[in-house]
Amino acid sequence: MSEEKFDVIIVGGGLAGSAAAYTLAKAGLEVLVIERGNYCGAKNMTGGRLYGHSLEKMIPNFAETAPVERKIIKERVTMATGTGAMTIEYGSNKLKDPSCASYSVLRSKFDKWFAEQGEAQGAMYVTGIRVDKLLQKDGRVCGVLAAGDELYSDVVLLADGVNSILAQQIGMKKELSPHQVAVGVKEVIGLDEKTVSDRFGVLPGEGAAWLVAGDPTGGAVGGGFLYTDKESVSIGTVVTLSDIGSGGNIKVPDMVERFKSNPVIAPLIEGGKLLEYSAHLVPEAGYKMIPELVWNGVLIAGDAAGFVMNLGYTIRGMDLAIESGRLAAEAILKAKEKGDFSMNGLSAYLTLLENSFIMRDLRHYQNMPSLMSTPQLFNELPAVADALMRGLFVVDGKTPVKLIKTIVPAINKIGGFIEAGKLGIKAVGAM
């Protein structure tokens, strides 16, 4: 491949990279996607939930052919201690509507399928190769160095994940700080399809998404997640890198075991077989960690651009990755029409982002990372919820105790009712 020239080289065959490849190849451009995994999806370990609206715009009715696992029709959020848990569950027919449906996916299958859609449009995928360097000439990026080959293009799109070394090499992105990212550990537990449906109270093809705060991380900033797949359950924990060690010095791998053994969770995965174990970094800081997105001859999309939102009750990244990849492609097409691949020529990407749900939603929820870094949410608040529910539902024949006396000691650990009120106001303001 040495000395070859393409219209666009895309680094990374994940959702952002394949969305861009599909759009560009469909428009007739010569596109090369370089993926360091042995196949697209081999290194994408997110255990996961895809909000389908952005892909639906690109490939209408994609869920009819894509390897989605289950349509999410139940939402659960739990505050858990080691002995009790308070769960909020939401279900609605609206969650089944194709316009706002979401799906559990296994990225090793889904990313491979998405890459095939790009290949069908004419994009070229090369896997098992790492890009070591961005090539520059006359003050702009003009290609990449990969496996000893110099490959040239008008534009390079970086869609190489949260820890984009290439973006750091050319100064578009700073080295990640521990408070900006979390480490996630995930297991896929195999169970037969009927068992998954029965245990979570859903019909075949339907599923649940579940986030749990408190006990899984021992009170450290983070939580547990669970998604029902067709014949498995994706389960794991995420903890902010800077907060590791604050949850009673529990090691990250041990958090998963702690979560799996929680009395609420354990019966749901009993008898399951471990199919997959993985770990990965997750961008956490949202709007405030977005790097420089455009330079001469280069754009950044997806996780590499920090386009992820942890809202506590849900985590979004896949829909933002797909949309950012598509918009990056649209900007490249506009630049090609003008024959201008400079920063100015590619700046339509910024305008497209500003007019999309990506920047709107990231800006709207920009204070959520600050809220989600509040230790009380993951330590004292679950204890308050447990005390409240225990006072309401535990009947033991003993003299009743005023509910206020049950929850006051727990609230005092937060700092009292005033501090609890401030936390509530902060939460409402962040949403």
Side-chain angles (χ1 to χ4, degrees), residues 1-14 16-34 118 121-124 131-146 149-161 164-175 287 289-307 320-356 358-359 362-363:
M1 293 190 299
S2 182
E3 299 299 324
E4 284 197 47
K5 172 75 184 295
F6 299 87
D7 290 314
V8 184
I9 293 175
I10 300 171
V11 184
S18 283
Y22 179 92
T23 305
L24 291 165
K26 189 175 182 180
L29 272 63
E30 293 186 10
V31 181
L32 173 66
V33 181
I34 305 175
Q121 296 297 328
M124 180 188 300
V131 174
D132 297 307
K133 183 181 178 182
L134 294 175
L135 302 177
Q136 298 184 54
K137 183 179 180 180
D138 299 329
R140 77 173 188 89
V141 171
C142 60
V144 302
L145 177 66
D149 286 333
E150 293 184 351
L151 307 171
Y152 294 93
S153 63
D154 293 325
V155 182
V156 174
L157 174 62
L158 299 180
D160 49 342
S164 179
I165 301 300
L166 296 174
Q168 293 177 34
Q169 286 178 358
I170 60 173
M172 293 181 72
K173 186 173 183 176
K174 295 179 181 179
E175 186 175 349
Y287 181 75
M289 74 175 291
I290 296 174
E292 186 178 354
L293 298 174
V294 180
W295 194 58
N296 298 321
V298 62
L299 304 171
I300 304 178
D303 283 8
F307 294 156
L320 281 74
I322 291 169
E323 185 75 354
S324 65
R326 184 183 71 82
L327 295 180
E330 294 292 344
I332 292 169
L333 292 173
K334 290 178 182 293
K336 186 171 179 61
E337 287 179 4
K338 300 176 181 177
D340 182 2
F341 302 103
S342 67
M343 182 189 299
N344 184 61
L346 293 169
S347 63
Y349 181 44
L350 301 178
T351 301
L352 290 168
L353 286 170
E354 283 294 334
N355 293 331
S356 75
I358 295 176
M359 298 305 288
L362 283 167
R363 191 175 287 112

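Here the shortest heavy-atom pairing between Arg140 and Trp295 reads CA-CZ3, 4.2 Å. Contact record, Gly13 with Ser18: O-OG, 3.7 Å, taken as the closest heavy-atom pair. For Ala167 against Ile300, the heavy-atom pair with the smallest separation is CB-CD1, 3.8 Å. Across all their heavy atoms, Ser164 and Leu158 have their closest contact at OG-CD1, 4.3 Å. Minimum interatomic distance between Ala305 and Pro291 (heavy atoms only, all atoms of both residues): O-CD, 3.2 Å. For the residue pair Thr23 and Glu330, the shortest heavy atom distance occurs at CG2-OE2, 3.8 Å.
To the nearest 0.5 Å, atoms CG (Leu135) and CD (Glu150) are separated by 5.0 Å. Note that CG of Asp154 and CG of Asp340 are 11.0 Å apart. Values are rounded to the nearest 0.5 Å. Remark: Leu362 CG to Ile290 CD1 distance equals 5.0 Å, nearest 0.5 Å. The distance from the CG atom of Asp132 to the CD1 atom of Ile165 is 11.5 Å, given to the nearest 0.5 Å. Annotation: the span from Met172 atom CE to Leu166 atom CG amounts to 11.0 Å, rounded to 0.5 Å.
A salt bridge between Arg326 and Glu323 is present, with a side-chain N of the basic residue lying under 4.0 Å from a carboxylate O of the acidic one. A salt bridge links Arg363 with Glu354: the distance from a Lys NZ or Arg NE/NH1/NH2 to an Asp or Glu carboxylate oxygen falls below 4.0 Å.
Between Leu24 and Leu333, some side-chain heavy-atom pair lies under the 4.5 Å cut-off. Inter-residue side-chain proximity for Asn296 and Asp138 is flagged as unmet; no heavy-atom pair is nearer than 4.5 Å. The shortest distance between side-chain heavy atoms of Leu293 and Phe307 falls below 4.5 Å. Taking the side chain as every heavy atom from C-beta outward, Val31 and Phe6 never approach each other to under 4.5 Å. Side-chain contact between Val155 and Leu157: absent, with no pair of heavy atoms (C-beta onward) separated by less than 4.5 Å. Using a 4.5 Å heavy-atom threshold, the side chains of Ile332 and Leu29 count as touching.
Between the side chain of Ser324 and the backbone N or O of Leu320 there is at least one donor-acceptor pair closer than 3.5 Å. Side chain of Lys338 to backbone of Gly345: no donor-acceptor contact under 3.5 angstrom is found.
Under the side chain to side chain contact (heavy atoms under 4.5 Å, CB included) rule, Ile10 has a single partner from Val144, Asp160, Val33, Leu299, which is Val33.
Side chains of Asn344 and Ser342: a donor-acceptor N/O pair is absent below 3.5 angstrom, by distance only.
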Quiz prompt | Working for side-chain contact (heavy atoms from CB on, under 4.5 Å), residues Ile34 and Leu151 | solution = CA-CA 11 Å; Ile34 305 175; Leu151 307 171; 3.9 Å; yes
Exercise. Apply side-chain contact (heavy atoms from CB on, under 4.5 Å) to the pair Ser356 and Leu327, showing each step before the final yes or no.
Key: CA-CA 9 Å; Ser356 75; Leu327 295 180; 3.7 Å; yes
